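The block underneath contains the structure these notes are about, expressed in C-alpha cells.
Just so you know, these numbers come straight off a predicted model, no measurement behind them.
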Amino acid sequence: MENERISNRIRRLRFDHDEMTQQELADKAGVTRQTIIAIEAGKYAPSLPLAFRIARTFNVSVEDVFQYDSNTAPPE
Amino acid sequence: MNRTQKSAWFALSGLAIFGAISSYVFLSILAFRRMPHFSVALVGLLFFFAYLGCGSVVLRKKQSPAEPESDERDKIIMKNAVLVSFFSTWLFLAAVTVIAAILVGEDGSVSVYVLTLVNFAIIWGAVLIYFAAVLVQYALGGENGK
C-alpha cells in the first residue's frame, strides 16, 4: 500500500515574512483561516491553484512550500 | 469559527427550536386531539423569528473583510455532508417502513397523517444530519476534508 504525504513549510515561511498571521495568509490566498490551519497541520492537501496562490504569497515556488513524500517510486 | 461552521450551528439550533414547536403542535392536534395552547405556540413562533433575525446579523460578521463565503475545503466538507445526509435518509426511510410493517402487521393499517408526519420527520432529519455532519467533520479536523 502506497504511503504518501504532503508536508509543508508554511509556518516557517510565515515567520520569515514578518511573522505573517494565519489570517493574513488566508486573506491573501482567498481561503478561510481554518483551511490554512488544516494545511499547516498536514490535515488537508490543497488543490493545485491554492498551492500556487500560497507559494506566490511568499514569492517562492510551489516546491519550496510543499514537499511530496512517498514510499513508492514514481512511474517510469 | 468560519462562516460555514457558524451557519451550521445556527441552522442546527434553529432546527431544534423549530422541531420543538412543531412537535408540540403536531402532538397536541394528532395525539391528544386538542388544539395547542395558542399563547405557547405564538411565543415559540415569535422566539423562532427573533432567533432568525439575530442569527442573520451574527452570520454577517466576518473573520476579516477578505474572508470568502466558503473555500475549497468547505465545499468538500459540504459535499461529504450531502452524501451522509442522503444515505441516512434512505436508511431512516427503510427503518421506518420495516418497523411499521412489524408493528402494524400485514393486515394492519395506519392513519394517513402518520405518512405526513414521517415525511416531515425525514426532511427535518435529513437537514439535521447534513448540518451535524458538517460540524463533525470540522471537529475531527477532516483529513483532506473527510
Any link between [X] and [Y] through a network of hydrophobic side chains (Ile, Leu, Val, Met, Phe, Trp, Tyr) touching at under 4.5 Å?
| X | Y | result |
| --- | --- | --- |
| A/Phe58 | A/Ile36 | yes |
| A/Val60 | A/Val62 | yes |
| B/Phe92 | B/Ile123 | no |

| Can you name the nearest heavy-atom pair linking A/Gln34 to B/Gln5, along with the distance? |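 Looks like CG-OE1, 3.8 Å.
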| task | Kindly check if the number of other-residue, nucleotide or ligand heavy atoms within 6.0 Å of CZ (A/Phe66) is above 12? | result |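 Buried by this count: over 12 neighbours within 6.0 Å.
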| Would the number of heavy atoms belonging to other residues, nucleotides or ligands and lying under 6.0 Å from CZ of B/Phe18 be above 12? |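 Count not over threshold, so no.
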| Non-hydrogen atoms of chain B under 4.5 Å away: do they reach the side chain of A/Gln23, the backbone, both or neither? |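 Contact with chain B involves the side chain of A/Gln23 alone.
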| request: Could you please spell out the steps behind the side chain to side chain contact (heavy atoms under 4.5 Å, CB included) verdict for B/Glu72 and A/Leu50? | output: CA-CA 9 Å; B/Glu72 58 179 48; A/Leu50 176 55; 3.4 Å; yes
| field | Interatomic distance, A/Ser47 atom OG to B/Lys75 atom NZ [nearest 0.5 angstrom] | value |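 Atom-to-atom, A/Ser47:OG and B/Lys75:NZ are 10.5 Å apart.
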| query | Looking at CG of B/Asn2 and CD1 of A/Ile37, how far apart are the two atoms once the value is rounded to the nearest 0.5 Å? | reply |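 B/Asn2 CG to A/Ile37 CD1: 9.5 Å, rounded to 0.5 Å.
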| task | Determine yes or no for a side-chain-to-main-chain donor-acceptor pair under 3.5 angstrom, with B/Asp71 supplying the side chain and A/Thr32 the backbone. | result |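 Side chain of B/Asp71 to backbone of A/Thr32: a pair is present.
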